[in-house]
Amino acid sequence: MPELPEVETVKESLKTLILGKTIHHVDILYEGIIHGTTKDYFSKRLENEILMDIGRFGKFLFFRFSTITLISHLRMEGKYFLKHSFELIAKHEHVIFHFTDGTSLRYHDTRKFGTMELVEPGNEFLMPNILLMGPEPFDNQFNLSYLKSRIKSSIRPIKSFLLDQNNVSGLGNIYVDEVLFLSRVHPETQVKNLSDSEILKIIDSTQAVINKAIELGGTTIRSYLSSLGITGRFQNELNVHLRALKPCIICNTPIIKIKVGGRGTYICPTCQKRKG
DNA sequence: AAGGGTGTTGAAAG
DNA sequence: GCTTTCAACACCCT
């Protein structure tokens, strides 16, 4: 579930906790998480590396060590915990970074969907999956003419379009539902049918939602709960997501749940009318 | 208690 | 080429 605001929150929390630490060794308990190299090479390459900085692009985290960068994607349920090295391995802990100071960073992922990959410093944005990603919501390249160039004559539903990281980086299911509610746009609207003013409204709403969510430390529901002891507060701001049958805050119509592009989707059927 | 749903992504299929 | 479906996996809910 972690989307841009949650990953940003994780990044900032990790920076206060582990910046400057040196890796003693790495234990890999489930190698499916490690991509691009063997688990042995991965572990070996990280030994003695010092964590200099942590960056983020979209939902990707970049752990910048002295001579190598680790790219981490949490996918659905990835989480990090900082523990003492002597603590027992908990269920679903798949990668453990042991630091020289006796602490350890534990990567926990119930569904094992998350990924980690090493890349030479500075080459993050050349990775095939990152290379083609669109701008982040608050990037000034995320504007009307850019979106129109991406839309062309596409018939995709706007919800699928916004979830596509190659159009805009960092949005996931929760925030797209919120953005479209604020924009009063039905998620199944084909993007080629959006007016300029609707696109502008979507840009505004995206920036508003993401900025507010970052401010509040993300959204705490289900699996994002208590990673690093973080409790986000944006869940109190959700207008539609997970609010099926509850009254719309604008018009009191009960929120309904539909399926768009195979994804569970929450809308107000009154505020978000289908076009035509 | 078996089966469908879950916040993501990319490969495969249409 | 564009769009949709499915698989990776574990757990929760009905």
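Every chain is numbered from 1 and lettered A, B, ... according to where its sequence line falls, protein lines coming before strand lines. As the structure is a computational prediction, the values presented were derived from the model and not from experiment.
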Between [options], which nucleotide has the shortest distance from any of its atoms to the side chain of [X]?
X: A:Lys259; options: C:dA10, B:dG5, B:dT8; answer: B:dG5
X: A:Phe113; options: C:dC11, B:dG7, C:dA8; answer: C:dA8
X: A:Arg75; options: C:dC9, B:dG10, B:dT6; answer: B:dG10

In DNA chain C, stems of three or more consecutive pairs, Watson-Crick or G-U, each with both distances under 3.5 Å, turn out to be B:2-6 with C:10-14, B:8-14 with C:2-8

Give me the distance, rounded to whole Å, that separates [N] from [M] when you measure between the [atom1] atoms they each carry.
N: C:dG1; M: B:dT9; atom1: P; result: 24 Å
N: C:dT5; M: B:dG5; atom1: P; result: 13 Å
N: C:dT3; M: B:dG7; atom1: P; result: 23 Å

Which whole-number value in Å describes the distance from [X] [atom1] to [N] [atom2]?
X: A:Lys79; N: C:dA10; atom1: NZ; atom2: P; answer: 14 Å
X: A:Arg156; N: C:dT5; atom1: CZ; atom2: C1'; answer: 13 Å
X: A:Leu163; N: B:dG7; atom1: CG; atom2: P; answer: 10 Å
X: A:Lys59; N: B:dG7; atom1: NZ; atom2: P; answer: 11 Å
X: A:Leu74; N: B:dG7; atom1: CG; atom2: C1'; answer: 11 Å
X: A:Met76; N: B:dG10; atom1: CE; atom2: C1'; answer: 14 Å
X: A:Ile258; N: B:dG5; atom1: CD1; atom2: C1'; answer: 16 Å
X: A:Phe60; N: B:dT8; atom1: CZ; atom2: P; answer: 13 Å

Is [X] touching bases, backbone alone, or none of the nucleic acid, heavy atoms closer than 4.0 Å?
X: A:Asn129; value: sugar-phosphate
X: A:Gly262; value: nothing
X: A:Ser154; value: sugar-phosphate
X: A:Gly264; value: sugar-phosphate
X: A:Lys152; value: nothing

Check the phosphate of [N] against [X], side-chain N and O only, distance under 4.0 Å to OP1 or OP2. Yes or no?
X: A:Gln165; N: B:dT8; result: no
X: A:His92; N: C:dA10; result: no
X: A:Tyr175; N: B:dG7; result: no
X: A:Lys112; N: C:dC11; result: no

Find the distance between OH (A:Tyr175) and CG (A:Leu180) and round it off to the nearest 0.5 Å.
15.0 Å

Verify whether one side chain among [X] and [Y] offers a donor that lies under 3.5 Å from an acceptor in the other.
X: A:Glu49; Y: A:Thr67; value: yes
X: A:Asp40; Y: A:Thr38; value: no
X: A:Thr103; Y: A:Lys83; value: no

Within a radius of less than 6.0 Å around NZ of A:Lys15, do more than 12 heavy atoms belonging to other residues, nucleotides or ligands occur?
yes

Hey, is NE2 on A:His35 packed in by over 12 heavy atoms from elsewhere, all under 6.0 Å?
yes

CA sep, side-chain torsions, deciding dist, call: A:Asp109, A:Arg75, salt bridge (Lys or Arg N to Asp or Glu O under 4.0 Å):
CA-CA 9 Å; A:Asp109 190 341; A:Arg75 291 289 184 101; over 6 Å; no

When only distance counts, do a donor and an acceptor, one from the side chain of A:Arg111 and one from the base of B:dT8, lie under 3.5 Å apart?
no

Are the side chain of A:Thr9 and the backbone of A:Pro5 linked by a donor-acceptor contact shorter than 3.5 Å?
yes

Are the side chain of A:Ser183 and the backbone N or O of A:Val185 linked by a donor-acceptor pair below 3.5 Å?
no

